[in-house]
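Step one of this worksheet: look at the structure below.
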There are 2 protein chains.
Amino acid sequence: MRQDVVLRGPGGPYLRTGQVAEQAGVNVQTLRYYERRGLIAEPARSPGGHRSYPPETVALLTVIKAAQRLGFTLEEVAELLDTGRRGHPTPDLRARAQAKILEVDAKIADLTTIRHALAQVVSAGCDSLTHCTCPDCPLPFADLAEGRFPKES
Amino acid sequence: MRQDVVLRGPGGPYLRTGQVAEQAGVNVQTLRYYERRGLIAEPARSPGGHRSYPPETVALLTVIKAAQRLGFTLEEVAELLDTGRRGHPTPDLRARAQAKILEVDAKIADLTTIRHALAQVVSAGCDSLTHCTCPDCPLPFADLAEGRFPKES
DNA sequence: GGTAAGCCTGTACCCAGGTACCGGATGCAA
DNA sequence: TTGCATCCGGTACCTGGGTACAGGCTTACC
């Protein structure tokens, strides 16, 4: 544990990879993965080549994780951060959040239909996917039409 | 298009790969993938080694696709088909459907929370993930606690 | 200056559910 | 019998979001 030591540089106490990772609750590899993906800027380096992060990187990672939990892909998060960094605030985030709400609603609707079909299986007492002996068997779900749930799981 | 010709064999009109794939609306590669995964049985072969499927394979594929849309993984579908094939009907399908309902409910609950947070972003008028200027900014979503949505998208 | 923890790059691997490509063989109708 | 659509097995690749490993270099503390 030599991690409680702080590198000093122009502008404040800098952090090393392991410190940032621990404080943000992510893996060290993830940090470099995000750097490759353009989510976090390439940090300054020590003379020996070790990364030296400004402390606000931790907050940035928290924001990234929050956005992910809202259903944004890393690519979308990268874009949002990018437009944010370019100055002039745009209605981009708002618009994207609204679009995301529609996506979420669609997913919820699909899941609701699925839940319905599952409940039918249970209440009808289906005992086989292919040779069900229950009366009025709901299988194989005519209402779950081909292609209605493109990639839904 | 020589696919409208039917191979005849013991028990009925047999189908070739392309015919099954087309009728079931899946890719030819997928068919062989399912065979490798044990979802469909290895079909008979022509003297030259071409697969020759019984016509009910198309229905089986429909069932597989329906089960997938219900949220079962291919592995789960394979197991369900397997216990079905082994004769003696078990309450397996019913139990699994009930468990799946719980999974679906959990997903819906997560999505509902997410929808809530998104709606807050919209109504508060957030304009940046990192430097939002809106009053009482809900970012970065303290209620979406770390780890609450392990793999949710 | 020794020692160990931590960091570096690069590459490969994981999950699921497929899809694509290759060179060669087969099936079938004209 | 010729021509070409289709099929064969094997292998590699795709998406998304990371994770792991190998082999070597730095940093920090004593």
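Throughout, protein chains are lettered first and strands after them, A, B, ... in sequence-line order, and every chain is numbered starting at 1.
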Original post:
Want to settle it: does A:G49 or A:T73 sit nearer the 5' end of DNA chain D, counting the closest nucleotide to each?
Top reply: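 Closer to the 5' end of DNA chain D: A:T73.
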### Task
Return the 5'-most residue of the pair A:G48, A:Q29 with respect to DNA chain D, ranking by each residue's nearest nucleotide.
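Its nucleotide being nearer the 5' end, the pick is A:Q29.
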Worksheet item: Quick check: does any side chain N or O of A:E22 sit under 3.5 Å from a backbone N or O of A:Q19, one acting as donor and the other as acceptor?
Response: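 No, the answer is negative, given that no donor and acceptor are paired below the 3.5 Å cut-off.
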For this session: Would you check if the side chain of A:R94 reaches a backbone N or O of B:V122 as a donor-acceptor pair within less than 3.5 Å?
Result: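 Side chain of A:R94 to backbone of B:V122, a donor-acceptor pair under 3.5 Å: yes, one is there.
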Euclidean distance, atom [atom1] of residue [X] to atom [atom2] of [N] [Å, nearest integer]:
{"X": "B:R37", "N": "C:dC15", "atom1": "CZ", "atom2": "P", "result": "11 Å"}
{"X": "B:L15", "N": "D:dC7", "atom1": "CG", "atom2": "P", "result": "11 Å"}
{"X": "A:Y33", "N": "C:dC14", "atom1": "OH", "atom2": "P", "result": "17 Å"}
{"X": "B:L74", "N": "C:dC15", "atom1": "CG", "atom2": "C1'", "result": "13 Å"}
{"X": "B:F72", "N": "C:dA16", "atom1": "CZ", "atom2": "P", "result": "16 Å"}
{"X": "B:E42", "N": "D:dC8", "atom1": "CD", "atom2": "C1'", "result": "14 Å"}
{"X": "B:E35", "N": "D:dC7", "atom1": "CD", "atom2": "P", "result": "14 Å"}
{"X": "A:E22", "N": "C:dA5", "atom1": "CD", "atom2": "P", "result": "15 Å"}

*Salt bridge between A:E103 and A:K100, side-chain N to carboxylate O under 4.0 Å?*
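A:K100 and A:E103: salt-bridged.
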side-chain N/O [X] vs [N] OP1/OP2, d < 4.0 Å:
{"X": "B:Y34", "N": "C:dG18", "value": "yes"}
{"X": "B:R51", "N": "D:dC8", "value": "yes"}
{"X": "A:T17", "N": "C:dG6", "value": "no"}
{"X": "B:K65", "N": "C:dG18", "value": "yes"}
{"X": "A:S46", "N": "D:dT27", "value": "yes"}
{"X": "A:R16", "N": "C:dC8", "value": "no"}
{"X": "B:R36", "N": "D:dT11", "value": "no"}

Task: Atom CD of A:E75: over 12 foreign heavy atoms under 6.0 Å - done: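 Result for CD/A:E75: open.
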ask   = Is it true that atom CD of B:Q98 has more than 12 heavy atoms of other residues, nucleotides or ligands lying nearer than 6.0 Å?
value =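 Buried by this count: over 12 neighbours within 6.0 Å.
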Original post:
What are the two closest non-hydrogen atoms of B:L93 and A:L129, and how far apart are they?
Top reply: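 Residues B:L93 and A:L129, closest heavy atoms: CD2-N, 3.9 Å.
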| query | Hey, does the side-chain of B:R32 have a donor or acceptor N/O within less than 3.5 Å of a partner on the base of D:dG9? | reply |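 Yes.
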Check: A:T57 and A:Y14 side chains under 4.5 Å, non-hydrogen atoms:
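SC-SC contact between A:Y14 and A:T57 ruled out.
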* Kindly indicate whether the side chain of B:Y34, heavy atoms from C-beta on, has any atom under 4.5 Å from the side chain of B:L74. =>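 With C-beta onward as the side chain, the pair touches.
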What's the angle between the local helix axes at either end of the helix from C:dG1-D:dC30 to C:dA30-D:dT1, using five pairs per end and rounding to 10 degrees?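 Answer for the end axes of this duplex: 10°.
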Options C:dG18, C:dC8, D:dA20, nucleotide nearest the side-chain atoms of A:N27: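 Ranking C:dG18, C:dC8, D:dA20 by closest atom to the A:N27 side chain puts D:dA20 first.
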Review point. Between D:dG18, C:dG6, C:dG17, which nucleotide gets closest to the side-chain atoms of A:H50?
Key: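 Nearest nucleotide to the side chain: C:dG6.
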